[in-house]
Amino acid sequence: QLVESGGGLVQAGGSLRLSCVASGRIFSSHTMAWFRQAAGKERAFVSAISSSGENTHYAVSVEGRFTISRDNAKNTVYLQMNSLKPEDTAVYFCAAADYIGSMVDLMESKYEYDSWGQGTQVTVSS
């Protein structure tokens, strides 16, 4: 089970930090990722982090503004979002994949992930 939190309403240029707590699985052996889905659009990849936390990958649209991290002792993955833009408005989902490798740049497809959270709304006003 994955449970996200930290969403909300923020002005453009502001920051938010999302959290996702995992339970009922061996968190440290899974690749974790964040996806987002804007109204009327497909669910899109945002960022992924390897099971060890040593490797990360970002969508071009968020590179340099968002940072993914994880704390395996707390079974938690984070997404720090800075310099937010109105186009970042979406429901953000946490996802887990049973993949222990380092090649997270190959993990952009939603079909690679077998567990999903319920999502948390992020709204950025202009």
Side-chain angles (χ1 to χ4, degrees):
Q1 182 182 6
L2 303 175
V3 179
E4 304 99 333
S5 62
L9 173 64
V10 64
Q11 288 188 332
S15 299
L16 282 174
R17 188 175 84 152
L18 306 183
S19 299
C20 171
V21 179
S23 62
R25 63 192 305 138
I26 305 174
F27 179 79
S28 60
S29 66
H30 285 69
T31 291
M32 301 298 295
W34 290 95
F35 286 74
R36 66 186 181 186
Q37 188 166 15
K41 295 188 176 181
E42 295 282 326
R43 191 167 299 190
F45 172 80
V46 175
S47 183
I49 187 167
S50 62
S51 56
S52 67
E54 292 180 359
N55 305 94
T56 59
H57 179 58
Y58 297 92
V60 171
S61 59
V62 307
E63 182 94 50
R65 299 188 297 123
F66 291 10
T67 302
I68 191 171
S69 62
R70 65 190 294 161
D71 185 338
N72 286 348
K74 295 183 178 179
N75 283 8
T76 303
V77 61
Y78 304 97
L79 185 69
Q80 177 66 44
M81 305 185 295
N82 298 329
S83 302
L84 282 161
K85 304 175 181 180
E87 51 263 45
D88 294 318
T89 295
V91 178
Y92 283 70
F93 296 90
C94 174
D98 189 7
Y99 172 66
I100 201 169
S102 62
M103 300 177 71
V104 290
D105 53 328
L106 302 180
M107 299 291 287
E108 290 191 1
S109 171
K110 60 185 178 182
Y111 300 108
E112 299 284 354
Y113 298 86
D114 53 11
S115 295
W116 293 85
Q118 82 289 347
T120 185
Q121 177 71 46
V122 172
T123 303
V124 185
S125 63
S126 58

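Below, each value reflects all heavy atoms present in this structure, side chains not excepted, and no hydrogens, waters or symmetry copies. Throughout, numbering of the chain's residues begins at 1 and tracks the sequence. Not measured: the values here are computed from a predicted model.
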Working to the nearest 0.5 angstrom, can you tell me the gap between Leu18 CG and Trp34 CH2? 4.5 Å
Please confirm whether the backbone N or O of His57 pairs with a side-chain atom of Ser47, one donor and one acceptor, at under 3.5 Å? yes
Is there a side-chain contact between Val62 and Arg36 in this structure, where contact means two heavy atoms from C-beta onward sitting under 4.5 Å apart? yes
Val10: which of Thr89, Leu16, Asp88 passes side-chain contact (heavy atoms from CB on, under 4.5 Å): Leu16
Side chains of Ile49 and Val104, heavy atoms from C-beta outward: is any pair under 4.5 Å? no
OG of Ser50 to NE2 of His30, rounded to nearest 0.5 Å, is 13.5 Å
If every non-hydrogen atom of Tyr58 is compared with every non-hydrogen atom of Ile68, which pair is closest and at what distance? OH-N, 2.9 Å
For the side chain of Asp71 and the backbone of Tyr78, is there at least one donor-acceptor N/O pair under 3.5 Å apart? no
Quick check on Glu63: does its CD atom have over 12 non-hydrogen neighbours (other residues, nucleotides or ligands) under 6.0 Å away? yes
If only atom types and distance count, is the side chain of Thr120 paired as donor or acceptor with the main-chain N or O of Glu4 below 3.5 Å? no
Under 3.5 Å donor-acceptor, Gln118 side chain and Val3 backbone: no
To check you understand the geometry: which heavy-atom pair defines the closest contact between Ser29 and Ser51, and what is its length? C-CB, 3.8 Å
Testing the basics here: between Asn72 and Asn75, what is the closest heavy-atom pair and its distance to 0.1 Å? O-OD1, 3.2 Å
Mind listing the closest non-hydrogen atom pair of Ala12 and Ser126 along with its distance? CB-CA, 4.4 Å
Taking the inter-plane angle between the rings of Phe93 and Trp116 on a 0 to 90° scale, is it parallel (under 30°), tilted (30 to 60°) or perpendicular (over 60°)? perpendicular
Nearest 0.5 Å, please: how far is OG1 in Thr67 from CG in Leu79? 8.0 Å
Ignoring hydrogens, what is the shortest heavy-atom contact between Phe35 and Arg43? Give both atom names and the distance. CB-CG, 3.8 Å
Atom pair OG (Ser5) and OH (Tyr92), whose distance is rounded to the nearest 0.5 Å: 15.0 Å
Rounded to the nearest 0.5 Å, how far apart are CG of Leu2 and SG of Cys20? 4.5 Å
In terms of heavy-atom contacts, Met32 and Cys94 come closest through CE-SG, 3.6 Å
Any chain of hydrophobic side-chain contacts (each under 4.5 Å) joining Val124 to Phe66? yes
Calculate, to the nearest 0.5 Å, the distance between atoms OG and CZ belonging to Ser28 and Arg70 respectively. 7.5 Å
So, does Tyr113 use its side chain to make a donor-acceptor pair with the main chain of Met107 at under 3.5 Å? yes
